[in-house]
Amino acid sequence: MSEANLCKKLVRFETENGRNIELEAVYEDSLSSGSPLGTVVGFHGSPGSHNDFKYIRNRLDELNIRFIGVNYPGFTFTDGYSSQQHTNIERQNYSNALLDELGIQGKMAYIGHSRGCENALETAVGRSGHGLVMINPIGLRIHKGINPISRMEAISWMYDMLPSFAGNAMMLGLYKMVGFKIQTGEEAINSMRSMCKVSLGGQLEFIEKTNRMDNKKLIVFAGKDHLVEEEIIFECLEKHEGLKHFNFEDKKIPEEDQQKIMDSFSGAQKGASVYVANDTHFQNKSQAVLVADACRAMFENGMEMKNKL
């Protein structure tokens, strides 16, 4: 697997309260010369980075599809800024500013993992993407990973009361204790605060808009996700129209079934939802080939966008 090609670009955007921010965005660009097939943009979880998609990007490299990996401010690679709110408004303002600067032409697919699914969804609507992939999405209501939110808000308040070294040590210990691969206390507190500001039910208006768009969609989720209950995602699936559903027990999906999933992107078909009972919250790794191949199928079968919002 090749190393990520990290790039930097100065971006300017507004915070939720209208303050102007200028910072150096660090992002991954696997094929800066562009791809005639299309470009996939990845939105990481919390915690997370462009590395969330390294297995997907490896397959995209083989398919000659460009990959852009967004790194949100405060998550190790791109510096944070004072009074950062971590709301979707600010996250979208930042990522849209980066994408505007990049000026990518051709077909686009937006993929999110976990918390990043909300941003992939909003971007697919706002920028009329040809494809949308949601890997281990978080659903429309509070899930066990953030329940109760009041506890996280109390920890955030405590962090602000402590000296920075003590607060960072506390957060780093907490996140490592629950099994997250995280490097600093700053990354931990930003991860938690971004989870406090998830949209959840606010995603519904964007889901309904994608139902009226001529785009393709893939939703992948798991039965052994330690953060999000499967029933929450099954409930959410009811809001996504026109998807062909697949159920599997094992992580390794048979080739003939993978082809059936790819076929669900052909013609006027909308796409697929895929449930894997014995898979986990990290299907960005276990189902990397499926996701990358689905992006190729979306590009090959996607029509020019006719936005009917």
Taking the basic N atoms (NZ, or NE/NH1/NH2) and the acidic carboxylate oxygens, is any pair closer than 4.0 Å for [X] and [Y]?
| X | Y | value |
| --- | --- | --- |
| E118 | R91 | no |
| D293 | R59 | yes |
| R127 | D100 | yes |
| R19 | E14 | no |

Verify the distance criterion only: is there a donor paired with an acceptor across the side chains of [X] and [Y] at less than 3.5 Å?
| X | Y | answer |
| --- | --- | --- |
| S114 | H281 | yes |
| S46 | S191 | no |
| K217 | H240 | yes |

- prompt: Passes side chain to side chain contact (heavy atoms under 4.5 Å, CB included), Q287 versus K251? Steps please.
  reply: CA-CA 8 Å; Q287 303 302 331; K251 292 182 183 180; 4.2 Å; yes

query: From I207 CD1 over to C236 SG, what is the distance, rounded to the nearest 0.5 angstrom?
result: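 Here the interatomic distance stands at 4.0 Å.
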
query: How many angstroms lie between atom OG of S49 and atom CD of E187, to the nearest 0.5 angstrom?
result: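 If we round to the nearest 0.5 Å, S49:OG and E187:CD are 7.5 Å apart.
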
field: Aromatic ring proximity, centroids under 6.0 angstrom, Y275 and F234
entry: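 Ring centres of Y275 and F234 closer than 6.0 Å.
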
field: Within the 6.0 Å centroid threshold, strictly below: H50 and Y27
entry: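 No, the ring centres sit 6.0 Å or more apart.
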
query: Can you name the residues that form a side-chain hydrogen bond (donor to acceptor under 3.5 Å, both in side chains) with Q259, not counting sequence neighbours?
result: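 Q259 satisfies side-chain hydrogen bond (donor to acceptor under 3.5 Å, both in side chains) with D263 once adjacent residues are dropped.
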
Residues in ring pair (Phe, Tyr, Trp, His ring centres under 6.0 Å) contact with [X], at least two apart in sequence or another chain:
| X | result |
| --- | --- |
| F13 | Y81, Y94 |
| F53 | F67 |
| Y72 | H44 |
| Y175 | F180 |

Side chain to side chain contact (heavy atoms under 4.5 Å, CB included) assessment of N136 paired with H113: CA-CA 6 Å; N136 305 114; H113 177 242; 3.3 Å; yes

message: The test is side chain to side chain contact (heavy atoms under 4.5 Å, CB included); show your working for R296 and L37 and say whether it passes.
response: CA-CA 8 Å; R296 176 179 61 178; L37 300 177; 5.5 Å; no

Looking only at heavy atoms, which two atoms of [X] and [Y] are closest? And how far apart?
| X | Y | result |
| --- | --- | --- |
| F75 | S194 | CZ-OG, 3.9 Å |
| S286 | D279 | OG-OD2, 2.8 Å |
| I232 | L140 | CG2-N, 4.3 Å |
| M170 | M158 | SD-SD, 3.8 Å |

message: Whether K209 engages the ring of F206 as a cation-pi pair (distance to the six-membered ring centre under 6.0 angstrom, angle to the ring normal within 45°) should be assessed.
response: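 Satisfied, under 6.0 Å and within 45°.
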
task: With side chain to side chain contact (heavy atoms under 4.5 Å, CB included) as the test, would you mind laying out the steps for I135 and L218 before giving the verdict?
output: CA-CA 8 Å; I135 311 165; L218 173 67; over 6 Å; no

With a 3.5 Å cut-off and sequence neighbours excluded, list the donor-acceptor pairs that the side chains of residues 149-157 form with protein atoms.
residue: R151; atom: NH2; partner: N147; partner atom: O; Å: 3.0
residue: S156; atom: OG; partner: R193; partner atom: NE; Å: 2.7
residue: S156; atom: OG; partner: R193; partner atom: NH2; Å: 3.2

